[in-house]
There are 2 protein chains.
Amino acid sequence: MLNLPFKALADPTRRKIVLLLKERDMTAGEIADQFDMTKPSISHHLNALKQALLVTDNRKGQNIYYSLNTTVFQEVVKWFFNTTRVNEGGKADAEDK
Amino acid sequence: MLNLPFKALADPTRRKIVLLLKERDMTAGEIADQFDMTKPSISHHLNALKQALLVTDNRKGQNIYYSLNTTVFQEVVKWFFNTTRVNEGGKADAEDK
DNA sequence: TAGATATTTAGACAGTTGTCTAAATATCTA
DNA sequence: TAGATATTTAGACAACTGTCTAAATATCTA
C-alpha cells in the first residue's frame, strides 16, 4: 500500500531527510544537526519514514545509521508514471494499491 | 513550492480523484458518485487539489468540470527523479523548492 | 419567477500530526 | 561500574484534517 509513503512524504522535513539520505547514509544525530528542531522531533520523523519503509536503520555502536530504501521509492514513482502517461495508449494499471 | 501538491496527494481519496481525472474530465457530481462520501466532502477534496494546482475547474452551465493539470505533476515527478537517481553522476539539483 | 438540479460554503467535531520537555534505554570508555 | 554520549520513548498540547449536516449560491427550465 502506498498510503504510508505518501503520507510520509507530505512533510517537508521528511522530504529533506530523504534528500540527505540520497547523498549518503547518516546517523540520527547527523541528520538532526541539519535541522533547527529537537532530536526527539527528528526521531519521530525518522520513525514515520521507517514505518513507510522509505528508510532502514542499522545500529553501529552508539550510532544508528539511516539509509534510503529505494525500492519503495520506485513504487511511488510508478504511481506517478501511471498518472502522467495520459492518453498514451494501454490502460496503465493505475490502481492505488 | 511542492508542499501543497505533496500534501494534497497524501490523501487516498484525492489520489483516486487524480486517477479518475487521468482518464477523462469529470463534473464534481460524477466524481462524487465514485465515492461513498457526501458531496461537500468531495468538494473539500477537490478544493485541496485545486489549491495545489493539481486540477483546474471550469463551469459549463450547472456543472463544474474538473481536469488534471499535468504541469504540476511533472514538477513532483522531477522531485522523485532527483531523489531516485542515486549515484548516477552529477549533483542532481535536488532542493525542495 | 418558482422550482429543480449542481455545487460550494459555513460551522461543528473527533481524530491525527508535529512539536516540545523530561525521562528511559543502549553503548562506549576510563 | 560510573559517567558520557547517542538515540528513542512517553506524555502533553496546539494546530491541522477529514468528515458531516444545514444552508447558501449558481444555473437551467417550465
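Computed over heavy atoms, backbone and side chain alike; hydrogens, waters and symmetry mates excluded. Below, read A as the first sequence line, B as the second, and so on, with proteins coming before strands; counting in each chain starts at 1.
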Atom pairs, N/O to N/O, protein against nucleotides 26-29 of chain C, distance under 3.5 Å?
unit_1: C:dT27; atom_1: O2; unit_2: A:Q62; atom_2: NE2; d: 3.2

Does [X] have a side-chain nitrogen or oxygen under 4.0 Å from the phosphate oxygens OP1 or OP2 of [N]?
| X | N | answer |
| --- | --- | --- |
| A:T27 | D:dT7 | yes |
| A:S43 | D:dT8 | yes |
| A:N47 | D:dT8 | no |

From A:L2 atom CG to A:K7 atom NZ, the distance as rounded to the nearest 0.5 Å: 13.0 Å
Please check this pair: side chain of [X] against backbone of [Y], looking for a donor-acceptor N/O pair closer than 3.5 Å.
| X | Y | result |
| --- | --- | --- |
| A:R14 | A:A8 | yes |
| A:N69 | A:L53 | yes |
| B:D11 | B:T13 | yes |

Hey, can you pull the residues of residues 28-35 of chain B with a non-hydrogen atom under 4.0 angstrom from DNA chain C? B:A28, B:G29
Scan for salt bridge (charged side-chain N to carboxylate O under 4.0 Å, His left out) pairs involving residues 29-44 of chain A, sequence neighbours excluded, and state none if there are none. A:R24-A:E30
Within residues 49-72 of chain B or reaching into it, pairs that qualify as salt bridge (charged side-chain N to carboxylate O under 4.0 Å, His left out) - sequence neighbours excluded: B:K50-B:D57
Give the ring-plane orientation class for B:F6 versus B:W79, where under 30° counts as parallel, over 60° as perpendicular and anything between as tilted. perpendicular
Would you mind classifying the nucleic acid contact of A:Y66 as base, sugar-phosphate or nothing, using non-hydrogen atoms under 4.0 angstrom? sugar-phosphate
Report, as a single string ordered 5' to 3', how protein heavy atoms within less than 4.0 Å touch nucleotides 10-18 of chain C: B base, S sugar-phosphate only, - not at all. -------SB
As a check on the pairing definition, encode DNA chain C in dot-bracket form, counting Watson-Crick and G-U wobble pairs whose two distances are under 3.5 Å, and using | for partners outside this strand. ||||||||||||||||||||||||||||||
Criterion side-chain contact (heavy atoms from CB on, under 4.5 Å) on A:L46 and A:I17, from CA distance to verdict: CA-CA 8 Å; A:L46 288 170; A:I17 290 174; 4.0 Å; yes
